[in-house]
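For ligands, and for the atoms within them, numbers begin at 1 and follow the listed sequence. None of the values given here were measured: they were computed from a predicted structure.
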Amino acid sequence: MTAQIIDGLALSRKLRSAFAQQVQTLTAAGKRPGLAVILVGENPASQVYVRNKIKACEETGIHSVLEQHPASITQAELLARIAALNNDPAIHGILVQLPLPEHIDADAVIEAISPAKDVDGFHISSAGALMTGLAGGFWPCTPHGCLKMLDDIGYELRGKHAVVVGRSNIVGKPMAMMLLARSATVTICHSATPDLAAMTRQADVLVAAVGREKLITADMVKPGAVVIDVGMNRNAEGKLCGDVDFEAVKEVASWITPVPGGVGPMTITMLLANTIESAQRA
Ligand code: NDP
């Protein structure tokens, strides 16, 4: 079997062109969606991510503001900027690019963002809404993008066994909650899982969100499984790659996301979706 590719770029293009229409309508009604992105310091990877987010906003017609601060900014100064943006009616979403310098408490910064503008979905109030199934929060963009890809291939999650490898607050845990909300039976694996392969081999849907090149090999995948690769790693040649041994696993899986061109573009697409949603709610 050779797996079909879940093309995150193509799906992103389709969704973003629909978003551009929505933004036009909102703008005409005097509610142009606005996103503020805060970048602290000079982390090169963060600079690339932030640039891509701003570019995506521009292409969709979303008003965007990039605030760049030196790594020496104090926590109090950063919190003051967030308070100002919380009160800015032109801004519907606030994103603080992580990681932050060590002298700043990232949790305190995330909790300072108004839940109404928490388009990254990292605030405890968004996490709680996802956990309880209550409306009003925002779903974290990366796992939400994964779910959109499963929806796009028409995959019915109800009754299926989903295995998520990784339990971070930004990917693994919210992914598991979203799959559970769709009535999948969910297993969460992490670094203390004794026999990872025994778990992953049971998966109808396997989501890898670890950050280790080729952690998931073909013998760890059930024939016909759907494999979603969240990982973003650099291999020995410096090329971007995921957590899944793509070439080997695609011979076993029924559907698979590539890296690049899979989950990555969908993450930004769902950020745009959350920003538009926030403007609609405002
Ligand atoms: P974290 O480092 O926060 O979490 C990694 C998780 O993997 C942890 O739960 C850890 O377990 C688990 N883990 C580590 N080693 C193993 C192992 N050998 N077996 C099983 N589990 C293991 O990473 P993130 O969740 O933030 O990101 C994961 C990956 O996804 C990274 O490559 C990141 O770059 C990528 N990413 C991609 C995005 C995109 O847009 N495509 C967006 C966000 C992230 P434990 O908790 O026990 O330590």
Side-chain angles (χ1 to χ4, degrees), residues 5-9 11-12 15-16 37 43-56 95-100 106-107 110 119-122 127 130 138-150 162-179 186-203 206-217 219-221 227-235 238-246 256-274:
I5 304 297
I6 310 179
D7 185 342
L9 267 178
L11 178 56
S12 284
L15 291 171
R16 289 184 200 188
V37 179
N43 180 321
S46 293
Q47 286 172 333
V48 173
Y49 298 150
V50 159
R51 237 191 344 262
N52 289 341
K53 288 167 186 172
I54 297 289
K55 186 163 163 259
L95 180 156
V96 179
Q97 186 66 43
L98 301 176
L100 289 169
D107 291 333
I110 289 167
V119 289
D120 246 347
F122 297 163
L130 173 58
F138 292 97
W139 284 11
C141 304
T142 299
H144 198 182
C146 296
L147 195 67
K148 276 272 174 207
M149 289 196 283
L150 290 169
V163 175
V164 180
V165 190
R167 57 171 165 181
S168 71
N169 287 334
I170 64 171
V171 191
K173 276 189 221 161
M175 182 80 260
M177 285 302 125
M178 289 174 202
L179 295 164
V186 182
T187 301
I188 308 175
C189 302
H190 45 78
S191 66
T193 301
D195 187 351
L196 183 62
M199 295 294 160
T200 58
R201 272 199 288 269
Q202 296 175 37
L206 176 60
V207 182
V210 174
R212 278 204 184 188
E213 183 193 355
K214 293 191 181 168
L215 178 77
I216 306 296
T217 49
D219 59 309
M220 295 169 75
V221 177
V227 178
I228 308 285
D229 190 353
V230 181
M232 286 210 303
N233 312 298
R234 294 274 162 196
N235 67 14
K239 259 183 68 184
L240 189 64
C241 63
D243 291 343
V244 174
D245 182 357
F246 180 82
I256 189 167
T257 64
V259 178
V263 176
M266 286 302 293
T267 295
I268 297 186
T269 299
M270 299 322 293
L271 172 69
L272 303 176
N274 279 352

Undergrad: N169 versus F122: any side-chain heavy-atom pair under 4.5 Å?
TA: no
Undergrad: From the options G211, G242, G8, select the one whose nearest heavy atom is closest to atom 29 (C) of ligand 1.
TA: G211
Undergrad: Which ligand 1 atoms are under 4.0 Å away from a heavy-atom of N233?
TA: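 What qualifies from ligand 1 is 32 (O).
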Undergrad: Nearest 0.5 Å, please: how far is CE in M149 from CD1 in I228?
TA: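 Going from CD1 on I228 over to CE on M149, the span is 5.0 Å.
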Undergrad: Write out the residue and atom name of the closest protein heavy atom to atom 40 (O) of ligand 1, then the distance separating them to 0.1 Å.
TA: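 In this structure, atom 40 (O) of ligand 1 has T267 OG1, 2.8 Å as its nearest protein heavy atom.
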Undergrad: Are Q202 and T187 close enough that some pair of their side-chain heavy atoms sits under 4.5 Å apart?
TA: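 Heavy-atom side-chain distance check fails, nothing below 4.5 Å.
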Undergrad: For atom 47 (O) of ligand 1, what's the nearest protein heavy-atom neighbour? Residue, atom name and distance, please.
TA: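 Looking at atom 47 (O) of ligand 1, the protein heavy atom closest to it is S191 OG, 2.5 Å.
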Undergrad: Any idea which heavy atoms bring L215 and M220 closest together, and the distance?
TA: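 The pair with the smallest heavy-atom distance is O-SD, 3.3 Å.
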Undergrad: Strictly under 4.0 Å, does any heavy atom of A209 approach an atom of ligand 1?
TA: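 Yes, A209 has heavy atoms under 4.0 Å from ligand 1.
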Undergrad: Looking only at non-hydrogen atoms, find the nearest pair between L130 and P140 and report the distance.
TA: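 Looking at all heavy atoms of both residues, the shortest contact is CD2-CD, 4.2 Å.
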Undergrad: Does C141 reach the side chain of D120, with side-chain heavy atoms less than 4.5 Å apart?
TA: yes
Undergrad: Which residue supplies the protein heavy atom nearest to atom 27 (O) of ligand 1, what is that atom called, and how far is it?
TA: V171 CG2, 4.4 Å
Undergrad: Measure the NE2-OG1 distance between H144 and T267 for me, rounded to the nearest 0.5 Å.
TA: 11.5 Å
Undergrad: Nearest protein heavy-atom contact for atom 2 (O) of ligand 1: which residue, which atom, what distance?
TA: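 So the nearest neighbour among protein heavy atoms is V210 O, 4.2 Å.
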Undergrad: Please identify which atoms of ligand 1 are closer than 4.0 Å to at least one heavy atom of V165.
TA: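 Here the atoms of ligand 1 in question are 20 (C), 21 (N).
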Undergrad: Restricting to non-hydrogen atoms, name the atom on D219 and the atom on R201 that form the minimum distance, rounded to 0.1 Å.
TA: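 Looking at all heavy atoms of both residues, the shortest contact is O-NH1, 2.9 Å.
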Undergrad: Where is the nearest protein heavy atom to atom 3 (O) of ligand 1: which residue, which atom, and how far?
TA: S168 CB, 3.4 Å
Undergrad: Below a 4.0 angstrom heavy-atom separation, can you tell me which part of V230, side chain or backbone, both or neither, approaches ligand 1?
TA: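 The answer is both.
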Undergrad: Looking only at protein heavy atoms, identify the closest one to atom 33 (C) of ligand 1 and say how far it is in Å.
TA: M232 N, 4.2 Å
Undergrad: Check whether any heavy atom of G231 sits under 4.0 Å from an atom of ligand 1.
TA: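 Judged by the 4.0 Å heavy-atom criterion, G231 does count as contacting ligand 1.
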Undergrad: Would you please determine whether T193 falls within less than 4.0 Å of ligand 1 on a heavy-atom basis?
TA: no
Undergrad: So which atom in I170 and which in P143 form the shortest heavy-atom distance, rounded to 0.1 Å?
TA: O-CD, 3.4 Å
Undergrad: How close does the nearest protein non-hydrogen atom get to atom 26 (O) of ligand 1, and which residue and atom is it?
TA: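 Here the closest protein heavy atom is I170 CD1, 3.5 Å.
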Undergrad: Please write down residue, atom name and distance for the protein heavy atom closest to atom 42 (C) of ligand 1.
TA: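 It is T142 OG1, 3.2 Å.
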Undergrad: Atom CD1 of I188 and atom CG of L179: how far apart are they, to the nearest 0.5 Å?
TA: 9.5 Å
Undergrad: Check whether any N or O atom of R167, backbone or side chain, sits under 3.5 Å from an N or O atom of ligand 1, and answer yes or no.
TA: yes
Undergrad: Do the side chains of F246 and I5 get nearer than 4.5 Å, heavy atoms only?
TA: yes
Undergrad: For G264, take its heavy atoms, then give the atoms of ligand 1 lying under 4.0 Å from any of them.
TA: 40 (O), 41 (N)
Undergrad: Can you tell which part of R212 has a heavy atom less than 4.0 Å from ligand 1: side chain, backbone, both or neither?
TA: side chain
Undergrad: Any idea which heavy atoms bring I6 and P258 closest together, and the distance?
TA: O-CD, 3.2 Å
Undergrad: Does A192 reach ligand 1 with a nitrogen or oxygen that is under 3.5 Å from one of the ligand's nitrogen or oxygen atoms?
TA: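 No: no nitrogen or oxygen of A192 is under 3.5 Å from one in ligand 1.
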Undergrad: Using a strict cut-off of 4.0 Å, indicate which atoms of ligand 1 neighbour a heavy atom of G166.
TA: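 Matching atoms, with element in brackets: 6 (C), 7 (O), 9 (O).
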